[in-house]
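Step one of this worksheet: look at the structure below.
Just the heavy atoms: all of them, side chains too, but no hydrogens, waters or symmetry mates, feed the values below.
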Amino acid sequence: MAIFSDSHRFYHADAEELAEGGLCTFIKSLTPFLEAQGVKLPGLRDDVSETGYVVWVGGVPSVIYDAGEIKRDVEGTAGGLTWALAMTRGFAIVDRLLESAGSPERLYAINGGNDLFALFLTPEMHRIISAQPDANPKEGPYKPTEEHPWFGQVHE
């Protein structure tokens with residue numbers, strides 16, 4: 001139902017695009033669902049440079065990644081870090097907006113990288129989905145984390 005209905009719960013969220021300054025565009029694309037949850041979207045602005053990425057939400061900065069994190073990604077000590085941080089910290093921004101509006105919904109990830117998708121669920125819905133006998137944890141929704149190298153995705 002989340003994918004093939006008009007529920008506005010399922011979105012493509014290419015992590016590369018998010019990391020390259022696309023978080024505000026992504027968040028704005030969520031407007032139908034966010035507004036249905038009582039979120040009044042504040043002003044959004046991306047600030048991307050060679051030293052990092054900051055998203056401004058209603059005049060408040062949220063660091064997506066900084067120069068040190070770029071360096072770790074580029075040097076290979078934490079490959080894919082900026083993409084994963086854009087997902088994790090971007091999804092956290094959306095969750096804060098939902099929480100501020102009093103909504104129980106949260107944003108969960110499916111897959112990663114260029115095949116990343118975002119799915120709105122309540123924690124209870126996530127628990128029910130994950131508990132299904134046919135559910136494959138590697139393919140199911142997960143809460144993104146900042147833990148390298150899997151960032152919350154089940155891999156075993």
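- Here the straight-line distance linking atom NZ of K71 with atom CG of L81 works out to 13.5 Å at 0.5 Å rounding.
- Taking CE from M125 and CZ from R9, the interatomic distance works out to 4.0 Å, rounded to the nearest 0.5 Å.
- Within a 6.0 Å radius of CD in E147, no more than 12 heavy atoms belonging to other residues, nucleotides or ligands are found.
- Grouping the Ile, Leu, Val, Met, Phe, Trp and Tyr side chains by contacts below 4.5 angstrom, directly or via other members, places V63 apart from V57.
- Between the side chain of S29 and the backbone N or O of F26 there is at least one donor-acceptor pair closer than 3.5 Å.
- Contact detail for A109 and P144: the closest heavy-atom pair is CB-CG, 3.9 Å.
- Nearest heavy atom pair, residue I110 against residue P141, reads CG1-CA, 3.9 Å.
- Classification of the Y53-Y65 ring pair by plane angle, with boundaries at 30° and 60°, yields perpendicular.
- We find the NE2-CG distance between H12 and L116 to be 7.0 Å, quoted to the nearest 0.5 Å.
- At least one side-chain heavy atom of Y108 sits less than 4.5 Å from a side-chain heavy atom of K143.
- Distance CG/L30 to NE2/H8: 11.5 Å, rounded to 0.5 Å.
- The minimum heavy-atom distance between Q37 and A101, with the atom names listed, is O-CB, 3.7 Å.
- Proximity of E20 to V48: side-chain heavy atoms (C-beta onward) are nowhere separated by under 4.5 Å.
- Residues I93 and R96 are in side-chain contact: their nearest non-hydrogen atoms beyond the backbone lie under 4.5 Å apart.
- Cluster annotation: V74 and I64 are assigned to the same hydrophobic cluster (Ile/Leu/Val/Met/Phe/Trp/Tyr, side-chain heavy-atom contacts under 4.5 Å, transitive).
- Looking at heavy atoms from C-beta onward, F33 lies out of side-chain contact with V39 at the 4.5 angstrom threshold.
- The distance from atom CG of L97 to atom CD1 of I27, rounded to the nearest 0.5 Å, is 6.5 Å.
- Relative ring orientation between Y11 and F120 is described as perpendicular, the plane-to-plane angle rising above 60° on a 0-90° scale split at 30° and 60°.
- Taking 4.5 Å as the limit, every side-chain heavy atom of R89 sits out of range of all side-chain heavy atoms of S62.
- The existence of a salt bridge linking E124 and R127 is confirmed by a sub-4.0 Å separation between a basic side-chain nitrogen and an acidic carboxylate oxygen.
- A side-chain donor-acceptor contact under 3.5 Å links T145 to the backbone of G152.
- Although no hydrogens or angles enter the test, the distance criterion places a donor-acceptor pair under 3.5 Å between the side chain of Q132 and the main chain of I128.
- With rounding to the nearest 0.5 angstrom, the NE2 atom of H155 is 12.0 Å from the OH atom of Y142.
- Hydrophobic clustering (side-chain heavy atoms under 4.5 Å, transitive across Ile, Leu, Val, Met, Phe, Trp, Tyr) groups F91 together with L44.
- Contact check for D46 versus V55: side-chain heavy atoms found under the 4.5 Å cut-off.
- Residues S130 and A135 come closest through the heavy atom pair O-CB, 4.0 Å.
- Formation of a donor-acceptor pair under 3.5 Å by the T77 side chain with backbone atoms of R72 is found in this model.
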